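Note that ligands are numbered from 1 as they come in the structure, with each ligand's atoms numbered from 1 the same way. Every value quoted in this text rests on a predicted model; they were computed, and no experiment measured them.
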Amino acid sequence: MRLIDELQAEHDTIEQVAGAFLTFAAVPADQRRVEDGESFLRFFRLYANHYHHAREEDTLFAALRDRAGLPTERGPVATMVADHVRMAGMLDDIAASLRAGAPQEARFRDAATAYVHALWHHIDAENSVLFPECGPRLRRNGVVDLPSRGPTPDESHALAAGQALVARYPPPADPGVMRGEGCIMCPAFGVTCRGLEREWWNEWEWDEFEDRMGGV
Ligand SMILES: [Fe+2]
Ligand SMILES: [Fe+2]
């Protein structure tokens with residue numbers, strides 16, 4: 001499905017720019033180009049939030065709810081939307097400590113690191129848990145394609161600036177945080193989400209699963 005392919009490709013770009021942001025955050029405050037910090041913030045706000053997260057919410061997640069009858073007030077979709085809101089809020093703290101310069105150097109570095117790790121976990125969850133389930137479930141309900149849109153000029157500009165920042169601040173080879181597949185690192189697991197199978201599977205999917213396991 002084209003929209004899902006687009007969103008997945010955007011993840012590659014967003015995670016690269018996030019890695020570059022970690023490299024930028026390690027530069028001492030008195031040597032830091034604040035305007036580059038502002039470009040990072042513009043990328044995360046305009047490209048990651050306003051373009052990427054918005055299309056997930058207003059098109060993909062809306063189709064899961066309206067066309068595939070999946071719950072969005074709890075479970076995987078609610079978890080992803082809550083992440084979007086939480087991560088957008090983290091950018092405000094990052095902006096304030098970036099502009100404060102040297103007196104808030106440690107606060108900026110901690111806030112930037114927390115944001116990048118949250119973003120990476122979010123991308124890992126969408127790539128490994130949520131997105132692979134979306135196409136088959138939508139197709140089963142007669143949805144073969146979903147609308148998309150190209151970026152606005154501002155979003156395109158933020159993307160180009162983000163790509164330039166990846167060249168200027170190469171992402172660290174070692175991410176410094178555990179990444180991977182599944183729900184393991186998800187703070188919502190067992191709180192507002194019991195895992196995709198328990199939230200989304202219907203009776204016949206469980207029957208089929210039990211048959212398969214019984215047949216091994
Ligand atoms: Fe997302
Ligand atoms: Fe995403």
Carboxylate-amine/guanidinium contact Asp93 Arg107, below 4.0 Å: yes

Pairwise ring pair (Phe, Tyr, Trp, His ring centres under 6.0 Å) hits with a residue in residues 137-158, at least two apart: none

Which residues share a salt bridge (charged side-chain N to carboxylate O under 4.0 Å, His left out) with Glu126, sequence neighbours left out: none

Protein N/O/S neighbour count - the Fe ion (ligand 1), strictly under 2.8 Å: 4

Under the ring pair (Phe, Tyr, Trp, His ring centres under 6.0 Å) test, residues paired with Phe24 that sit two or more places apart: Phe40, Tyr169

Donor-acceptor pair between Glu56 and His52 side chains, under 3.5 angstrom: yes

Distance-only polar pair, side chains of Asn127 and His11, donor-acceptor under 3.5 Å: yes

